[in-house]
Number of protein chains: 4
Amino acid sequence: MTMKKTSNTEERILDAAIQVFGEKGYSAATTSEIAKRAKVAEGTIFRYFPKKKELLHGIVLKAIDIFGEKVVVKSLEETVEANKDKAFKEVLKAIVLDRVKIFEQHYAYMKVILYELQFHDDVRRLFIDKIAKQAIELVKKVVDIAKKNREIKDIESLIITRSMLGMVLMMLIQRQLMPSETSISNIEDEIDLMIDMLMDGIRNRD
Amino acid sequence: MTMKKTSNTEERILDAAIQVFGEKGYSAATTSEIAKRAKVAEGTIFRYFPKKKELLHGIVLKAIDIFGEKVVVKSLEETVEANKDKAFKEVLKAIVLDRVKIFEQHYAYMKVILYELQFHDDVRRLFIDKIAKQAIELVKKVVDIAKKNREIKDIESLIITRSMLGMVLMMLIQRQLMPSETSISNIEDEIDLMIDMLMDGIRNRD
Amino acid sequence: MTMKKTSNTEERILDAAIQVFGEKGYSAATTSEIAKRAKVAEGTIFRYFPKKKELLHGIVLKAIDIFGEKVVVKSLEETVEANKDKAFKEVLKAIVLDRVKIFEQHYAYMKVILYELQFHDDVRRLFIDKIAKQAIELVKKVVDIAKKNREIKDIESLIITRSMLGMVLMMLIQRQLMPSETSISNIEDEIDLMIDMLMDGIRNRD
Amino acid sequence: MTMKKTSNTEERILDAAIQVFGEKGYSAATTSEIAKRAKVAEGTIFRYFPKKKELLHGIVLKAIDIFGEKVVVKSLEETVEANKDKAFKEVLKAIVLDRVKIFEQHYAYMKVILYELQFHDDVRRLFIDKIAKQAIELVKKVVDIAKKNREIKDIESLIITRSMLGMVLMMLIQRQLMPSETSISNIEDEIDLMIDMLMDGIRNRD
DNA sequence: AATGAATGAGTCTTCATTCAT
DNA sequence: TATGAATGAAGACTCATTCAT
C-alpha cells in the first residue's frame, strides 16, 4: 500500500492545469490562469512545478497512474473474470463499455495527452510505453484466448484491437463534435451495434 | 486558360506556416520562424496575413480547396465510375486507398486542422461544414447504393462510414506513432485486411 | 487618517508617462522610454496599465482629481471667502493668480490633456465634463455675483470667463514659446495689467 | 510673379497629409493613409518627401506662404487702408473679422502647426519667426498708431495684441469643442462684443 | 509554505523606407 | 515618373519565472 501524501495544493494546481490545458492546449494555456483556477498565487505553482512543462509531465504521470495498473489492468482482469463463461462477444462488449466509461470519466486527461503527444517527445514516449502498449497488450491477451478457442478468425490481434479502438474513438469524437448528427442516443446501443459489425461484418448473407 | 500569378510569396508563407504549425502547434509556432522558413522578412507575412490567426484560416481554406470539390468529390466520382461493375467491396477498397493517398499527400494540412479545430470555433465550423459533412455525405451515397442492392446489411450508413474512417485513421496514426509495431509493411495489404474485416467480421465460421 | 499605500510604483510610472507624453506627445512616446524614466522593467508598466492608452486615462483621471474638487473648487471657495469684502477686481485678481499657480504646478498634466483631447474622444469628454465645465461654472458664479451687485456690465458670464481665460492662457503660452519677448518679467504684474484691461478697457478716457 | 510649377501630385500628397495630420496628429498619422487619401502609391510620397518629417515641413512652408506676406500682410494693409478714416475700434473689428475668416479657411494648416510646434523645434522656430512675430508686428503697428493718436491707453502693444488673440482663439476653440454652450450663434456679433469689452472693459459705469 | 510584485526575453504587429519594375 | 512588394527596426504587449517578504 503506497502512502500518498500529495499536499492538497499540488492536486488543486494539477486539476486546474488539466482543465486549462484541455480548453486551450498546453501552449496557449497560461500559468496565470491555472493559478486563478487553482486559487493559489502564481508563484505557488512554481514551488511544485518549477517549469511549466512539469505540469504537463505531472498530468501524464497521473494519467499513467489512472490508466495504468491501478485502473485499467485491475478492472480489465475483473471484467474478464466476471465474464469468463460468456462468449467472446459478450466479453468484448463488457470490456469496451467499461473502457468507454473510464475514458469519459477521465476525458480531460486523455484529451490533453492525446493532443500534446505530437509535440512533446517525452510525453509521447511515456504515453506509448506506459499506456498504449500496455493497454494493447491486455486486449491482445483476450483476443488471443478467443483465437485459441477458435471463436474468431486468425487475424492479427493488434489489427483487431486497433480497429475496435478506432471505431470507438471515432464515435466518441463524433458525439463531441457533431452531436446533432448522432442518430442513436444511447451509447450502449451504439457499442452493441459496432461489436456486432466487428463480429459478423456488414455483408448481407440472406 | 487563366494564368494564376499568385505572387508565390503568399504560397511560400502558407507552406512554411503549415510546416511550423504542424511541428509545434499553432500557439507555439512563431511568426518569426515561419518567416525564416519562408525566407521572407517577418513583416512580409503581415502584408498577406494581417493577423497570425489568418495564417490558420488560410490553411483551412486551402484544405477545403484540396479536400473539397476539387479533389475529394471529383476523384470519388471517378473512382465510383471506374468501379461501377465491381462488387461493393472492390469499390470500397478503391475509395479507401484513394483517400489514404490523398490524406498522406496532404498530411500536414490535416494534422494542423484536426489539432486546432478544438480550440478555434471558426476552424471547427469550417471543417465540419465544408469537409467532414461533405465527405461523409459522399461515402454515404456509395454505401446507400450497396444497401439498396442488398449487398450489405441495413446498418446506418453514418455508422459504417464512421467505423471505416476510425479504423483507417487509427492505422495511419499507429504507423506514425509506433512504426515498429506495424507487422504488415504494405499499406494496401492492411487496407485489404480491414475491409475484409468490415465486410465479413472476425467471427470464425468454419 | 488612512495611510495611502499606493505601491508608489504606479505613481512613478504615471509621473514618467506625464513627462514623456508631455515631451513627445502620446503617440510618439514609447512605453520603453517611460519604463526607463520610471526605473522599472517595461513589463511592469503593463501590470498597472494593461494598455498604453490607460496611461493616458490615468493621467486624465489624476488631473481631474487635481483640478477637480480637491484643488479647484476648494481653493476657489477659500479665495472667494478670503476676499469677500473686497471689490470684484480684487477677487478676480486673487482667483486668476491662484489658478495660474495651480496651472504652473501641474503644467505637464494640462499640456498633455490639452494636446491629446482632440484625438481621443474619451479624453475629450472627460476633460469637458469634469474639468472645463466645472471650472467655467465656478468662475461664472463669481461673475454673476458681481453682476448682481452691478459692479460689472451685463455681459454673458461665459464670454467674460472665456476671454479672461484666453488672455491668461495666451500669456502663459507666450512665456513658454517666446520668453525673450516678454517685457514684464513679473507674472503678477502682468496679471494685474490684464485685469485692469478687462475691467476698464483700453480706450483712452483722458 | 512667381512661377509655381508644383506637380499636381505633390499638391495632392500635401493636401492629404494636412488632412490626416489634422485628424490624428503627426505621429499617429501613417504614410500609408496619406497615400490612400492622395490616391497615389505609398512609394510616390517618398519621391517628393523623402522623409515623413518633410511632409510636416512642407505643410509649414505652405502655411508660411499663406499666412505670410501673400495673405496676411497684403490683406492687412488693404484692411487698414480701407478703414483709414474710421475709429480704431472699427479698424480692429475689420482686422479681427478678416483674420478669423482666413483662419477658418485654413483651419487645417493652423491646427497642425499649432499642435505640432510643441514637439518639433524646427517647426516651432519657423512658426515663431515667419508667422507669429510678423503677425504681431503688424498688429502692433496698428495699435501703435492708435496709441499715438491717443485713442487708446499706453499699454504695451504686445499685451493688447496677445490678449485680443487669446480671446479670439478661445472663442474659436470653444465653438469647436463645446458648440452647444455657445449662446451667440453669429460669429460677427461675438467679435463685436469682444472688441467692445476690450475697448471699454466690463466695469459698470452707470 | 505561500504570496504577488517585478522582471525581461520573446511575441505579434506596425510602418517608414527602399528598390526592382 | 509612379508603383507596390518587400524590408526590418522598433513598438506594444505577454508570460514564465524569480525572489523578497
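Throughout, a chain's letter reflects where its sequence line sits, starting with A, and its residues are numbered from 1. As the structure is a computational prediction, the values presented were derived from the model and not from experiment. What's counted below: heavy atoms across the whole structure, side chains too, no hydrogens, waters or symmetry copies.
Judged by closest nucleotide on DNA chain F, C:A29 is the one of C:A29 and A:Y26 placed further toward the 5' end. Map D:A28 and A:A41 each onto its nearest nucleotide of DNA chain E; the residue landing nearer the 5' end is A:A41.
The neighbour count for C:K130 NZ, taken as heavy atoms of other residues, nucleotides or ligands under 6.0 Å away, does not exceed 12. Within 6.0 Å of the NZ atom in C:K111, the count of heavy atoms belonging to other residues, nucleotides or ligands exceeds 12.
D:K53 meets the salt bridge (Lys or Arg N to Asp or Glu O under 4.0 Å) test with D:D122; sequence neighbours excluded. A:R12 meets the salt bridge (Lys or Arg N to Asp or Glu O under 4.0 Å) test with no other residue; sequence neighbours excluded. Every residue two or more places apart in sequence or in another chain was checked for a side chain to side chain donor-acceptor pair (under 3.5 Å) with D:Y115, and none qualifies.
Side-chain contact between A:F46 and A:E54 is absent, with no heavy atoms from C-beta onward closer than 4.5 Å. Residues A:L14 and A:Y48 form no side-chain contact, since every pair of their non-hydrogen atoms from C-beta on lies 4.5 Å or further apart.
Nucleic acid contact for A:T44: base, since at least one base atom lies under 4.0 Å from a heavy atom of the residue.
Protein atom CZ of C:R12 is 12 Å distant from nucleotide atom C1' of E:dA5, rounded to whole Å. Atom CD1 of C:I34 is separated from atom C1' of E:dG8 by 17 Å (rounded to the nearest Å). Rounded to a whole Å, the CD atom of B:E54 is 9 Å from the P atom of E:dT13. In this structure, C:I13 places its CD1 atom 14 Å from C1' of F:dC13, rounding to the nearest Å. Atom-to-atom, CD of C:E10 to P of E:dG4 comes out at 17 Å; the value is rounded to the nearest Å. Straight-line distance from the NZ atom of A:K36 to the P atom of E:dG4: 12 Å, rounded to whole Å. For C:E33 and F:dA10, the CD to P distance is 14 Å, given to the nearest whole Å. Following rounding to the nearest Å, A:K39 (NZ) and E:dT3 (C1') show an atom-to-atom distance of 16 Å.
Counting only residues at least two apart or on different chains, the side chain to side chain donor-acceptor pair (under 3.5 Å) pairs with a member in residues 18-28 of chain C are C:Q19-C:R37, C:E23-C:R37, C:K24-C:E33, C:S27-D:S27.
Contact check, C:T9 against E:dA6: a side-chain N or O comes under 4.0 Å of OP1 or OP2. The side chain of D:Y48 places an N or O atom within less than 4.0 Å of a non-bridging phosphate oxygen (OP1 or OP2) of F:dA2.
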Practice task
Determine, step by step, whether D:R124 and D:D129 satisfy the salt bridge (Lys or Arg N to Asp or Glu O under 4.0 Å) criterion, reporting the C-alpha distance in whole Å, the side-chain angles of both residues, the deciding distance to 0.1 Å, and the verdict.
Solution key: CA-CA 8 Å; D:R124 176 161 56 246; D:D129 290 351; over 6 Å; no
Between N or O atoms, less than 3.5 Å apart, protein on one side and nucleotides 17-21 of chain F on the other: list the pairs.
unit_1	atom_1	unit_2	atom_2	d
F:dT17	OP2	A:K52	N	2.7

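Counting only Watson-Crick and G-U wobble pairs whose two key distances fall under 3.5 Å, DNA chain F forms stems of three or more stacked pairs at E:2-21 with F:2-21.
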